[in-house]
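First the structure, then my questions, so here it is.
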Amino acid sequence: MQIRSLQKEELTKVQSIAHRTWPSTFKTILSPEQIEYMLNWMYSLKMLESQLEKGHTFFAH
């Protein structure tokens, strides 16, 4: 397995993982509305791109 950093064009992969995992991970502590809000805020492409520009690195294999 090779781990590499993601490029800007690949940020939809981060978004997809969040949308698949957040509902089941946080369903016991957050309402569906809160989960949707967080996903739309924290994992919007605009926010992910902003994080990347600030030096954050997203990894994938």
Side-chain angles (χ1 to χ4, degrees):
M1 174 174 35
Q2 182 179 3
I3 297 174
R4 62 182 180 79
S5 60
L6 295 176
Q7 302 300 308
K8 183 178 178 179
E9 331 40 80
E10 299 177 288
L11 290 176
T12 56
K13 293 178 182 183
V14 175
Q15 202 176 41
S16 175
I17 292 167
H19 280 266
R20 287 183 311 203
T21 59
W22 265 68
S24 60
T25 303
F26 296 107
K27 68 182 176 186
T28 60
I29 60 172
L30 297 175
S31 71
E33 295 81 15
Q34 289 172 310
I35 292 170
E36 188 66 25
Y37 172 81
M38 296 302 285
L39 287 170
N40 289 332
W41 173 56
M42 293 174 56
Y43 293 95
S44 69
L45 286 179
K46 182 178 178 180
M47 182 65 79
L48 293 172
E49 288 171 2
S50 173
Q51 291 177 26
L52 195 65
E53 291 168 3
K54 291 177 183 174
H56 293 236
T57 304
F58 298 94
F59 294 99
H61 67 86

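When reading the values below, keep in mind they use all heavy atoms of this one structure, side chains included, and skip hydrogens, waters and symmetry mates. Computed from a predicted structure; not experimentally measured.
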Report the distance from atom CG of Leu52 to atom OG1 of Thr57, rounding to the nearest 0.5 Å.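 Result: 7.0 Å between the selected atoms.
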Taking all atoms of both residues into account, what is the closest heavy-atom pair of Ala18 and Pro23, and its distance?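 Minimum heavy-atom separation between Ala18 and Pro23: O-CD, 4.1 Å.
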Provide the closest heavy-atom pair for Arg20 versus Ser24 in the form atom of the first, atom of the second, distance.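 Smallest heavy-atom distance, with atoms named: O-OG, 4.3 Å.
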Any side-chain heavy atom of Met38 within less than 4.5 Å of one from Asn40?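 They are not in side-chain contact.
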At what distance, to the nearest 0.5 angstrom, does NE2 of His19 lie from CD1 of Ile35?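 Nearest 0.5 Å value for the NE2-CD1 distance: 11.5 Å.
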Going from OH on Tyr43 to CD on Gln51, what distance comes out if it is rounded to the nearest 0.5 angstrom?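 Those atoms lie 8.0 Å apart.
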Which atom pair, heavy atoms only, marks the closest approach of Leu30 to Trp22?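 Minimum heavy-atom contact is CD1-CZ3, 4.1 Å.
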Connected via hydrophobic side-chain network under 4.5 Å: Ile17 and Leu48: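 As far as the 4.5 Å side-chain criterion goes, Leu48 and Ile17 are not connected within one cluster.
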Tell me whether Ile29 at atom CD1 has more than 12 heavy atoms from other residues, nucleotides or ligands lying less than 6.0 Å away.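 Yes, the 6.0 Å shell around CD1 holds more than 12 heavy atoms from other groups.
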Quick one: do Leu39 and Trp41 end up in the same hydrophobic cluster if we chain Ile, Leu, Val, Met, Phe, Trp and Tyr together by side-chain heavy atoms under 4.5 Å apart?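 Yes, same cluster.
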Working to the nearest 0.5 angstrom, can you tell me the gap between Arg4 CZ and His61 NE2?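 That separation rounds to 10.5 Å.
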